[in-house]
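Below: one structure, written as structure tokens.
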Amino acid sequence: MTSSNNEMDKQISINDIRNIGIMAHIDAGKTTVTERILYYTGITHRIGEVHDGNATMDWMEQEQERGITITSAATTTRWGGKRINIIDTPGHVDFTMEVERCLRVLDGGVVVFCAVSGVQPQSETVWRQADKYQVPRIAFINKMDRVGANEENAIESMENRLGALPLQLQIPIGREDEFMGVIDLVNRQAYVWEKDILGAKFELIDIPEDLKDKVEKKRLAIIDILADINEEFLDIALQNEDVPAEILDKYIKEEVLKLKITPVFLGSAFKNKGIQPLMDAVVSYLPSPTEVKEIRGVDKEGNTLVRKPRYDEPVSALAFKIMSDPFVGQLTFLRVYSGVLEAGSTVYNATCGKNERIGRLLRIHANKREQIDEITAGNIGAAVGLRVASTGDTLCDGSAPILLESVDIPETVVSVAVETRTAGDTEKLGKALKKLSREDPTFKVSMDQETGQTILKGMGELHLEIIIDRLIREFKVEAKIGKPEVAYRETITKKAGGECKFVKQTGGKGQYGHAVIEIEPAENASGLTFVNKITGGAIPREYISSVEKGIKSAMTNGILSGNFMVDIKATLLDGSFHQVDSSDNAFIAAGSLAFKDAVRKAGPIIVEPIMDVEVVTPEEYLGDVLGGISSRRGKILGMENRSGVQIIDSQIPLATMFGYATRLRSLSQGRATYTMQFSQYKAVPANIIDSLVDNS
């Protein structure tokens, strides 16, 4: 599979490419939507089902067993004369980094909402991530066949919880068991999927008489919204009694690209209804690589550079995912922003400053591979043979280097200890953990120097459960696994100063470093903010970064419990140096000791991860569920009655959430469910601090 496909690639205009992600809260139906897309576009010849464990995009054993998406899966298909590169992303909060790194390289997104539940916690997370990377998106309200389905409520929740401006472009024909199809408000067309059980064929019918007035009313609402936000369209609307569909389409896309509106579509992926109009919308309203902002980066001096999505530009690409494949070795997933990346070529890794040789290039379809000769600008593919590249690295032309913006990696919140049984297992464990940590930047490994145990750190219980399952199954490691533990942190409560004059005289050259710093609390989730206020050359420029290194080193081991320190702003105010004895190491030591001196005066405290927890429970169990939340040091933020059930929003310390799933099932006879995601770090109560300090 080589020459014919590559010739086809060259014939495809960059304007005819769409790079999209399918995103949602867990169980909203992302993977089911993707499976239908693959079937209706001819990529697969059967419809895979998540609940049967045979979904094409959920190819990992762990995904098939649990019925959830764990790792993002990529595929390429065609629709309406366009090539569509699709990434199906996870919906569980433990794997939110998978969504983050995919959104970094996508041009558009389809956000799937449940017609019954509307906006759910992880829906909010992926929405904010899409905002962060300025990804234009459309919405698909799924499960219109479910009892309690109500697209109006779901749209209202988009406005209230996301601050979005939804633009409803379809209304349903029937709801729940009677859901038959949708009416396209722009073109005034009715789609019905009654006859073909697989949904591959639909019928265009006249708009039912009882819905004609509603269609005109909703169409006028579209015109009103566009007129409010676009003056040019307002003039057209004032001059035309009935705005034509092609003009509406033009201005809808214009405002989608500005991130001002979110077109809303309806359907039931499981019942095979609504997917074809959704694909038409992807082609019509989501951008090609030429319609989004040109990618920007910096050169070695920090000057801004621009790369345009053209074949004749110098090649630039971002490695956004690393994956180990048992057949081909390490795969590096790439988004090529400019130029043409060729198999067998040498590229420059601008992130680590090394050259790398591209072995083979592949087009990915879930866990299947298709060899190609090149990946052209605007496309997504994978490379085999890169030895150094990791998530967020920039690969580019060595004669025109550019460093692109990388990916933010969140802090881990849960850890488990692992002990191997034999020396052979220790060696296997080391190799396996190296591979897994390269694949997943949110998975961290450290060594407990006192116990000799290997500590695995991750984003949650499920995240670590999957890692351990892979260690046992995939890498055949036999090990004893400890209980999950919370990743506590330390921070400070007030401003304080610190100083260290590090002087060490030995037989030969001495050591001299002197730093005066000031620290203060910083914003939540900001880590370390370092500010240099040295003037007049009190410390030479080459030693400023050494002081920062020393501070970062000191932050890895807090003075109360030995936990990592977070959310601190450190300002370097003054210092001195010695012409002969000063060195990097001396200023690293001075920075570290000055920081520790300041921390002792700055009111250090231990903080714990607090989770946003949403519980959905039938009314009759509300009292027991609220009592259970209170018993776990939880704080109720609000309650809402929706479709006959109570939605409870709360914040609960992660330390008390272990085993909550089992307890909630017990309280509600298995009928209540919950979701949680990391919110912030907060001070640990005084009655718990002593035990944490004693155990450190």
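Only a predicted model underlies this, so the values are computations on that prediction, with no experimental measurement involved.
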TODO: I would like to know whether Lys434 and Glu439 meet salt bridge (Lys or Arg N to Asp or Glu O under 4.0 Å); could you show each step before the answer?
DONE: CA-CA 9 Å; Lys434 187 176 180 181; Glu439 283 185 29; over 6 Å; no
Task: Partner residues of Tyr681 under the ring pair (Phe, Tyr, Trp, His ring centres under 6.0 Å) criterion, sequence neighbours left out - done: Phe678
Task: Between CD1 on residue Ile588 and OG on residue Ser545, distance to nearest 0.5 Å - done: 8.0 Å
Open item on the list: Tell me every residue that passes side-chain hydrogen bond (donor to acceptor under 3.5 Å, both in side chains) with Arg632, counting only those two or more places apart in sequence or in another chain.
Closed with: none
Open item on the list: Counting only heavy atoms from other residues, nucleotides and ligands, does the tally under 6.0 Å from NZ of Lys601 exceed 12?
Closed with: yes
Open item on the list: I'd like to know if the side chain of Asp612 pairs up with that of Gln651 as donor and acceptor (distance under 3.5 Å, no hydrogens or angles considered).
Closed with: yes
- [ ] Measure from the side-chain N and O atoms of Ser592 to the backbone N and O of Ala589, and report whether any donor-acceptor pair falls under 3.5 Å.
- [x] no
Task: Spacing of Ser553 atom OG and Leu593 atom CG [to the nearest 0.5 Å] - done: 10.0 Å
Task: Rounded distance [0.5 Å steps], CG in Leu386 versus OG1 in Thr332 - done: 4.5 Å
Task: Side-chain donor/acceptor of Arg101 to backbone N/O of Val99, under 3.5 Å - done: no
- [ ] Answer yes or no: are there more than 12 heavy-atom neighbours, outside Lys132 itself, under 6.0 Å from its atom NZ?
- [x] yes
Task: Of all pairs that satisfy salt bridge (charged side-chain N to carboxylate O under 4.0 Å, His left out), the ones with a partner from residues 331-342, not counting sequence neighbours - done: Asp107-Arg335
Task: Side-chain donor/acceptor of Arg470 to backbone N/O of Glu465, under 3.5 Å - done: no
TODO: Starting from the C-alpha separation in whole Å, work towards a yes-or-no answer on salt bridge (Lys or Arg N to Asp or Glu O under 4.0 Å) for Lys431 and Glu427.
DONE: CA-CA 6 Å; Lys431 290 179 180 177; Glu427 187 177 342; 3.6 Å; yes
Open item on the list: Side chains of Tyr337 and Glu313 only: does a donor on one sit below 3.5 Å from an acceptor on the other?
Closed with: no
Task: Pair listing, salt bridge (charged side-chain N to carboxylate O under 4.0 Å, His left out) test, anchored in residues 392-407, at least two apart - done: none
Task: Where Ile402 and Leu305 come nearest, the two heavy atoms and their spacing - done: CD1-CB, 3.8 Å
Open item on the list: Quick one, Thr529 with Ile568, criterion side-chain contact (heavy atoms from CB on, under 4.5 Å). Give me CA distance, side-chain angles, the key distance, then yes/no.
Closed with: CA-CA 6 Å; Thr529 304; Ile568 295 175; over 6 Å; no
Open item on the list: So, taking the atom named NE2 in His25 and the one named CD in Glu614, what distance separates them when rounded to the nearest 0.5 Å?
Closed with: 7.0 Å
Task: Any donor-acceptor pair under 3.5 Å from Ser650 side chain to Val613 backbone - done: yes
TODO: Kindly check if the number of other-residue, nucleotide or ligand heavy atoms within 6.0 Å of CD (Gln680) is above 12?
DONE: yes
Task: Heavy-atom donor-acceptor pair, Lys444 side chain to Pro441 backbone, under 3.5 Å - done: yes
Open item on the list: Tell me if a side-chain donor or acceptor on Thr351 pairs with a main-chain N or O of Thr394 at a distance below 3.5 Å.
Closed with: yes
Open item on the list: With rounding to the nearest 0.5 angstrom, report the CD1 to SG distance, Ile517 to Cys500.
Closed with: 10.0 Å
- [ ] Could you check Val414, Asp440, Val413 and say which one makes a side-chain contact (heavy atoms from CB on, under 4.5 Å) with His463?
- [x] Asp440
- [ ] For Gly381 and Ile375, work out which heavy atoms get closest and say how close.
- [x] CA-CD1, 3.7 Å
- [ ] May I have the step-by-step check of side-chain contact (heavy atoms from CB on, under 4.5 Å) for Ile629 and Ile652, ending in yes or no?
- [x] CA-CA 7 Å; Ile629 291 172; Ile652 309 176; 4.0 Å; yes
Open item on the list: Could you check whether any side-chain N or O of Thr493 sits under 3.5 Å from a backbone N or O of Gly603, counting only pairs where one atom can act as donor and the other as acceptor?
Closed with: yes
- [ ] Decide, yes or no, whether a salt bridge links Glu124 with Arg161 under the criterion of side-chain N to carboxylate O below 4.0 Å.
- [x] yes
Task: Contact summary for Leu103 and Val126, nearest pair of heavy atoms - done: CD1-O, 4.0 Å
Open item on the list: Show the nearest heavy-atom pair for residues Asn349 and Ala389, with the distance to one decimal.
Closed with: ND2-CA, 3.7 Å
Task: Which atom of Phe595 lies closest to which atom of Ala554, heavy atoms considered - done: CD2-CB, 3.5 Å
Output a table of donor-acceptor pairs, distance under 3.5 Å, between side-chain atoms of residues 569-577 and any protein atom two or more places apart or on a different chain; print 'none' if there are none.
from   : atom 1 : to     : atom 2 : distance (Å)
Ser576 : OG     : Tyr512 : OH     : 2.7
Ser576 : OG     : His514 : ND1    : 2.7

Open item on the list: Tell me if the NZ atom of Lys258 is crowded by more than 12 foreign heavy atoms within 6.0 Å.
Closed with: yes
TODO: Ignoring hydrogens and angles, state whether a donor on the side chain of Ser338 or Arg310 is under 3.5 Å from an acceptor on the partner side chain.
DONE: no
- [ ] Verify whether one side chain among Thr491 and Asp567 offers a donor that lies under 3.5 Å from an acceptor in the other.
- [x] no
Open item on the list: What's the separation between atom OG in Ser582 and atom CZ in Phe587, rounded to the nearest 0.5 Å?
Closed with: 4.5 Å
- [ ] Compare every heavy atom of Ala602 with every heavy atom of Ile492, then report the nearest pair and how far apart it is.
- [x] CB-O, 3.4 Å
TODO: With side-chain hydrogen bond (donor to acceptor under 3.5 Å, both in side chains) as the test, would you mind laying out the steps for Gln330 and Arg387 before giving the verdict?
DONE: CA-CA 8 Å; Gln330 181 177 291; Arg387 298 181 180 276; over 6 Å; no
Task: Side-chain donor or acceptor of Glu490 paired with backbone N/O of Leu560 under 3.5 Å - done: yes
TODO: Sorted by first residue and then second, give each salt bridge (charged side-chain N to carboxylate O under 4.0 Å, His left out) pair with at least one member in residues 541-557; sequence neighbours left out.
DONE: Glu548-Lys552
Open item on the list: Under a 4.0 Å threshold between the charged nitrogen and the carboxylate oxygen, would Lys457 count as salt-bridged to Glu485?
Closed with: no
Task: Backbone of Val388 reached by a side-chain donor or acceptor of Glu356 within 3.5 Å - done: yes
